[in-house]
Amino acid sequence: MKTNSSFGVWPHVAAIIYSEGGVFGLVDCNSFYCSCERLFRPELRTRPVVVLSNNDGCVISRSKEAKEFGIQMGEPAFLRKDFFAANNITVFSSNYALYGDLSRRVMNELSHFSPDVEVYSIDEAFLGFSGFPKDTLPAIAKRIYKKIPKNTGIPVSVGMGPTKTLAKLANHLAKKKDEYRGIYIIDSEESREAALKQVSVADIWGIGPAYARKLEAVGITNAWEFAKANKHWIRKHLTVVGARIAYELNSIECSSLVTVDPAKKTISVARSFSSMKDTREALEGAVATFASAAAYNLRKQKGYTNLIRVFVHTNQHRSDLEQYGCNTIVPLPVQMQDTIKIVRYALHGLRKIYKRGLQYKKAGVILDQIRLESDQQNDLFDNFNRDRDEKISEAMDKINARYGKSKVKLAVASKQNAWSLRQENLSPRYTTRWQDIPIVLS
DNA sequence: TCTGGGGTCCTAGGACCC
DNA sequence: TCTGGGGTCCTAGGACCC
């Protein structure tokens with residue numbers, strides 16, 4: 001490919017560089033899940049706290065105090081059980097109903113600071129500040145830093161910069177270095193250089209362990225060196241993804257704000273079982289339940305799936321047991337969205353891969369090739385009663401919305417409680433369940 | 001006994017079409 | 001002797017994110 005631009009093989013970059021320079025903010029909640037739990041347990045405010053993943057499997061959130069104990073992200077909880085007890089570290093099972101609700105409150109507060117908010121994940125958002133006078137940014141950052149904890153109880157860090165990657169990097173510094181007191185703003189060449197020199201390549205947004213290893217192997221260790229490195233080398237070894245990151249670190253915008261959440265292209269539901277399962281019936285119960293949940297999410301975004309994947313595998317951490325893992329693709333004759341058909345095809349897939357006599361630890365269902373309703377093509381030879389099955393799903397959704405999740409489900413999804421989660425330290429749903437709302441005594 | 005879950009994007013290669 | 005080539009779609013695998 002040959003172009004006239006001096007950007008050679010990156011014409012898309014040439015197109016972007018001449019657009020107006022923006023300003024982005026990244027607001028990130030500190031130890032989000034731990035902060036949510038502490039909100040209703042004020043006595044824990046200065047105590048070490050950790051939150052565990054589904055099934056109480058591994059550590060997924062740590063308070064500052066817990067990090068100081070050397071507890072790592074992703075550590076298996078059972079290895080640390082005694083350590084937690086010995087050091088008086090409070091442990092919570094994850095409570096997504098609570099975190100989701102508090103996340104909505106934080107995002108709502110953030111929308112008061114900018115008309116352009118990209119909710120990037122449950123605990124962070126990008127804000128657009130293009131057109132805001134540069135000298136107002138420090139005051140805005142300070143207001144966000146104070147207002148969010150005041151109004152929601154959740155502490156945050158604030159980063160700002162001319163690209164999303166720089167805002168993210170600024171946020172990283174704001175959070176990691178106490179001297180910045182939760183705020184870092186890149187608004188000059190000096191502040192950009194100072195920031196890049198303090199961040200190692202592995203901590204750049206988009207650089208994972210594999211890319212970091214490649215960079216370190218050629219002597220590139222921090223973000224400043226990466227930004228200055230040869231772009232052809234980067235393009236070749238880190239693909240266009242790496243090249244975009246390098247440009248963004250040089251204040252050249254390659255990624256813009258996404259303020260409407262796009263429809264998902266795949267929807268997956270998968271769980272590890274709290275204890276291993278060996279019967280086909282138990283796996284059928286799990287797969288039917290996962291397929292039902294996935295189908296419900298599919299209908300929520302008004303999508304239709306064209307292809308279902310089903311997978312199962314044994315416990316990979318048990319070298320003493322026979323290992324087996326398999327996934328299968330079930331192409332669908334017509335696109336579909338109703339629970340009854342999706343469960344039927346998912347179970348068909350399971351029967352193809354199920355092997356007798358093994359101890360299964362995990363299963364999952366993935367709906368793939370999702371298209372929007374408006375794109376739907378009717379198949380001339382469609383011999384299903386689409387109308388009937390879709391009406392049943394619609395009725396199930398209505399009943400469940402009114403009387404509670406999973407009040408109505410397919411019989412097969414009730415087969416044995418194969419996949420029930422272990423949640424030994426679950427907090428109440430303080431904000432989303434009437435019975436769990438805290439009572440204040442005056 | 002016990003090791004999470006849900007996504008996206010990029011690339012290379014094959015199938016298929018005209 | 002000479003045995004196309006471009007476009008699109010799909011998949012698998014790898015890398016990344018939270």
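Just so we're on the same page: letters track the sequence lines, and every chain starts at 1. Since this is a predicted model, take the numbers as computed values, not measurements.
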In this structure, how many angstroms lie between the P atom of B/dC2 and the NZ atom of A/K361, rounded?
6 Å
When the ring planes of A/Y96 and A/Y33 are compared, do they come out parallel, tilted or perpendicular, using 30° and 60° as the limits?
perpendicular
Heavy-atom nearest nucleotide on DNA chain B for A/K264 versus A/Y33: which residue maps closer to 5'?
A/Y33
Find the distance A/Y120:OH to B/dG7:P and express it as a whole number of Å.
14 Å
Where is the tightest heavy-atom contact between A/A195 and A/I186, given as atom of each residue plus distance?
CB-CD1, 3.9 Å
Out of B/dT3, B/dT11, B/dG5, minimum distance to the side chain of A/F78 belongs to B/dT3
DNA chain B nearest-nucleotide lookup for A/H317 and A/S268: closer to the 5′ end is A/H317
With A/K228 as the cation and A/W224 as the aromatic partner, state whether NZ or CZ is under 6.0 Å from the six-membered ring centre and within 45° of the axis.
yes
Report the nucleotide, chosen from B/dG6, B/dT11, C/dT11, that has the shortest atom-to-atom distance to any side-chain atom of A/Q369.
C/dT11
Would you indicate which nucleotide in B/dT3, C/dC10, B/dC9 comes nearest to any side-chain atom of A/C58?
B/dT3
Taking the six-membered ring of A/F126 as reference, does the NZ or CZ atom of A/K164 fall below 6.0 Å from its centre and within a 45° cone about the axis?
yes
Nearest to side-chain heavy atoms of A/R271, which nucleotide of C/dA15, B/dG6, B/dT8:
B/dG6
Nearest-Å distance for atom pair CZ/C1', residues A/F311 and C/dT11
18 Å
Hey, does A/D123 reach any base, or is it just sugar-phosphate, or nothing, if we go heavy atoms under 4.0 Å?
sugar-phosphate
Give the rounded distance in Å between these two atoms: CD1 of A/I122 and P of B/dG7.
13 Å
